[in-house]
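These figures come from a predicted structure and were not determined experimentally. We number each residue from 1, following the sequence as shown. Note that ligands are numbered from 1 as they come in the structure, with each ligand's atoms numbered from 1 the same way.
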Amino acid sequence: MSEQNPNQTITHILETFEAALKSGDTAAAVALFQPDGYWRDLVAFTWNIKTMEGREQIAAMLNSQLDSVKPSRLKIADNETATEADGVTQAWITFETGVARGTGFIRVKDGQIWTLLTTMTELKGHEEPKGFKRPMGAEHGARVDRTSWKENREAELETLGYEKQPYCLIVGGGQGGIALGARLRQLGVPAIIIDKNERPGDAWRARYKTLCLHDPVWYDHMPYLPFPDNWPVFSPKDKIGDWLEMYTKVMELNYWGATTCTSAKYDEAAGEWIVEVERGGEKLTLRPKQLVLATGMSGKPNLPKFKGMNVFKGEQHHSSKHPGPDAYKGKKVVVIGANNSAHDICGALWEAGVDVTMVQRSSTHIVKSNSLMDLALGDLYSERAVAAGMTTMKADLTFASIPYKILHEFQIPVYNAIRERDAEFYDRLEKRGFMLDFGDDDSGLFMKYLRRGSGYYIDVGASDLVADGKIKLKSGVDVVELKEHSVVLSDGSELEADLVVYATGYGSMNGWAADLISREVADKVGKVWGLGSNTTKDPGPWEGEQRNMWKPTQQHALWFHGGNLHQSRHYSQYLSLQLKARMEGIPTPVFGLQQVHHLS
Ligand SMILES: Cc1cc2nc3c(=O)[nH]c(=O)nc-3n(C[C@H](O)[C@H](O)[C@H](O)COP(=O)(O)OP(=O)(O)OC[C@H]3O[C@@H](n4cnc5c(N)ncnc54)[C@H](O)[C@@H]3O)c2cc1C
């Protein structure tokens with residue numbers, strides 16, 4: 001028997017797979033997977049964001065969805081060739097369903113599918129007007145009732161939300177709401193984005209003045225309009241604010257600034273939401289069919305309750321309210337917390353000549369920015385990756401192609417290498433008493449982010465200040481109480497303070513549903529974020545995907561959107577397609593609607 005080349009291996013398995021799917025032979029299709037193989041689907045087969053783990057789950061999905069999905073034309077993507085390394089043959093693939101076209105990635109090991117990613121790219125008949133389909137702009141010829149682009153745009157802005165209801169209302173106009181708004185615009189879904197801040201980008205502008213993005217530019221592009229080649233690697237927060245404002249304008253988004261959502265209620269009979277908003281002092285009721293909460297993972301401050309907070313005579317605020325160091329020169333500041341915000345704030349305070357102490361209650365994962373860029377992100381998101389032909393779309397899909405169940409196995413070696421490379425740095429920190437961790441299973445930053453969205457600092461300099469004792473450190477202690485001019489810690493020590501900053505993180509997005517809709521709906525929907533990994537702050541059972549993000553929830557027509565810039569860019573595509581399909585009345589049978597195991 002002749003050896004197959006990688007293209008033949010993939011083509012053969014795809015042809016066999018398609019034949020089984022087309023004949024409804026689920027058993028034959030499932031047998032092509034390894035017994036513990038994975039199929040991650042982003043909307044194309046499941047109308048959900050779902051990973052099927054093992055043959056049994058794959059069979060259950062196919063038995064439920066195959067008749068309606070009608071997959072066809074599975075093949076290696078045009079202009080791509082399969083590759084083989086370390087016993088794994090892999091390839092970019094394309095396919096169609098009855099209603100959509102899709103892109104995916106396949107990995108084959110020992111002649112069977114190890115991982116399969118299928119994602120919906122576009123709905124047939126509802127392709128975005130871009131490339132060969134881009135709009136003309138000008139209308140050549142002669143017309144007596146001609147109106148200009150500006151007049152049309154003004155008319156839209158005047159009528160939407162008043163004479164005409166949006167199909168979708170996005171509450172929250174940070175980068176999440178804006179990215180989704182841009183995708184819906186391209187899909188022709190009437191949408192309004194509302195934000196209580198005046199201008200797009202204000203959520204970033206309002207943060208402490210020294211903040212720069214911790215993720216590099218290649219990871220941060222918005223949909224459709226990537227940053228130019230001269231954009232800095234780490235965007236200063238006001239610069240990203242300006243970009244978002246410009247983006248909102250040129251992408252022609254219906255963005256209502258200075259508009260607060262005060263309540264929302266689902267009207268079952270009408271099949272629409274009744275959303276009360278205040279727009280520049282005017283009360284309005286909107287009636288969208290779909291409601292997206294893009295109110296931010298970092299929007300609901302967790303403010304601890306310590307004895308004596310009411311007797312403390314100095315200033316105290318949550319990190320989200322921290323203005324930066326200028327007003328505190330020569331003063332004594334205690335920062336409660338030891339994650340990203342705490343480090344950024346402490347570093348800036350030290351630079352301004354402030355006597356600053358960080359209080360660390362539990363361990364923190366620290367990774368040096370350079371090491372993260374070189375070893376963790378570099379292959380997908382870097383100038384080196386771009387030079388090697390990596391595109392943002394391919395990088396996003398490559399990342400998405402590794403099932404969450406095994407992602408930590410890919411991450412552990414990376415963080416072991418980082419630990420080795422920066423051993424001296426970690427040693428210095430530990431000698432100073434700083435409590436370090438690499439995640440419960442040593443899988444590092446991304447897993448911590450996906451599981452709990454907290455517990456780390458990407459070091460851009462503050463750790464050296466801690467290691468050198470310039471930022472003072474009290475670790476392994478908790479706050480017992482605040483006195484008039486000091487903070488008392490559980491080891492009996494007392495820190496004088498003019499300012500206390502609570503860098504104590506943010507609450508779950510579930511809290512937004514409770515605030516804006518009702519506790520009942522928030523409980524019905526359950527916890528937002530996390531994988532159910534049964535690690536610290538991410539209780540089991542295993543869910544396989546991030547809870548409630550970008551996918552149908554237990555509350556009809558309620559969606560959650562957000563995450564970092566990469567996630568907002570990537571997953572807004574799938575959320576927008578789900579919304580568009582519903583608007584067009586395309587059947588969207590959801591497989592495996594997630595169950596609720598935790599409330600908040
Ligand atoms: C200090 C800090 C540093 C960070 N660094 C990075 C980074 O480097 N890279 C990265 O990707 N992410 C970073 N993040 C995470 C960051 O929060 C998100 O990437 C980003 O802000 C999320 O965007 P979002 O649109 O989901 O939410 P947000 O930007 O929080 O936007 C939510 C919006 O909802 C609005 N809103 C809330 N309630 C209502 C209401 N009732 N009515 C109307 N509007 C409402 C708010 O005004 C806000 O503008 C950082 C976060 C913090 C706090």
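Neither the backbone nor the side chain of Y219 comes within 4.0 Å of ligand 1, counting heavy atoms alone. Looking at A294 against ligand 1, only its backbone comes within 4.0 Å, counting heavy atoms. Counting heavy atoms under 4.0 Å from ligand 1, residue D202 does not touch it at all. In R207, the part holding a heavy atom less than 4.0 Å from any atom of ligand 1 is the side chain. Contacts between C261 and ligand 1 below 4.0 angstrom, taking non-hydrogen atoms only, involve backbone and side chain alike. For D220, no heavy-atom contact with ligand 1 is shorter than 4.0 Å.
Checking Y415, F446, Y449 one by one against H365, the ring pair (Phe, Tyr, Trp, His ring centres under 6.0 Å) holds for a single residue, Y415.
Near G562, meaning under 4.0 Å from one of its heavy atoms, ligand 1 places the atoms 26 (O). The distance from ligand 1 to the heavy atoms of N197 drops below 4.0 Å at these ligand atoms: 47 (O), 49 (O). Numbered from 1 in the order shown, with element, the atoms of ligand 1 that lie under 4.0 Å from a heavy atom of L516 read 41 (N). Near A203, meaning under 4.0 Å from any of its heavy atoms, are these atoms of ligand 1: 29 (O), 49 (O). For ligand 1, the atoms closer than 4.0 angstrom to any heavy atom of G296 are 26 (O), 27 (O), 30 (O), 32 (C). Within ligand 1, the atoms closer than 4.0 Å to a non-hydrogen atom of G176 are 24 (P), 25 (O), numbered from 1 in the order shown. If you number the atoms of ligand 1 from 1 as listed, the ones under 4.0 Å from a heavy atom of N564 come out as 10 (C), 11 (O), 19 (O). Against a heavy-atom cut-off of under 4.0 Å, Y208 is close to the following atoms of ligand 1: 1 (C).
Of the protein's non-hydrogen atoms, the one nearest atom 31 (O) of ligand 1 is G174 CA, 3.6 Å. Protein heavy atom at the shortest distance from atom 34 (O) of ligand 1 is G172 CA, 3.2 Å. For atom 53 (C) of ligand 1, the closest heavy atom belonging to the protein is Y506 OH, 3.5 Å. The single protein non-hydrogen atom nearest to atom 17 (O) of ligand 1 is S298 OG, 3.0 Å, given as residue, atom name and distance. Atom 35 (C) of ligand 1 has as its closest protein heavy atom D195 OD2, 3.3 Å. Closest to atom 2 (C) of ligand 1, if we only count protein heavy atoms, is L211 CD2, 4.1 Å. Counting only heavy atoms of the protein, atom 14 (N) of ligand 1 lies nearest to W204 CH2, 3.8 Å. Given atom 38 (N) of ligand 1, the protein heavy atom at minimum distance is W512 CZ3, 3.3 Å.
Looking at E278 and T259, their side chains never bring a donor and an acceptor atom within 3.5 Å of each other. With hydrogens and angles left out, the side-chain atoms of N254 and R153 include a donor and acceptor closer than 3.5 Å. Side chains of Y224 and E128: a donor on one and an acceptor on the other come within 3.5 Å. Checking T553 against N548 by side-chain atom types alone, no donor-acceptor pair falls below 3.5 Å.
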- [ ] Show your working on salt bridge (charged side-chain N to carboxylate O under 4.0 Å, His left out) between K470 and D464 and close with a plain yes or no.
- [x] CA-CA 8 Å; K470 291 174 177 159; D464 278 333; over 6 Å; no
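For K237, the NZ atom is densely surrounded, since the number of other residues' heavy atoms within 6.0 Å is greater than 12.
Residue contacts with ligand 1 do not include T262, since none of its heavy atoms lies under 4.0 Å from the ligand. Proximity of S319 to ligand 1 is not established, as no heavy-atom distance is less than 4.0 Å.
Seen from the ring of W559, K551 does not count as a face-on cation partner, given the 6.0 Å and 45° thresholds. The cationic group of R547 does not satisfy the cation-pi geometry with W529, failing either the under 6.0 Å distance to the six-membered ring centre or the 45° limit from the ring axis. A cation-pi arrangement is absent between R419 and Y426 under the rule of less than 6.0 angstrom and at most 45 degrees off the ring axis. Judged by a 6.0 Å distance limit and a 45° cone about the ring axis, K239 is positioned over the six-membered ring of W231.
For Y502 and H318, the distance between ring centers is not under 6.0 angstrom. Aromatic ring centroids of Y266 and H556 lie under 6.0 Å apart. Ring centroid separation for the pair F434 and H343 comes in under the 6.0 Å cut-off.
Counting only heavy atoms from C-beta outward, the side chains of P552 and N48 approach each other to under 4.5 Å.
Residue contacts with ligand 1: Q175 is placed with a nitrogen or oxygen under 3.5 Å of a nitrogen or oxygen of the ligand (distance criterion only). Taking distance alone, with nitrogen or oxygen atoms compared against 3.5 Å, H561 stays at or beyond that limit from ligand 1.
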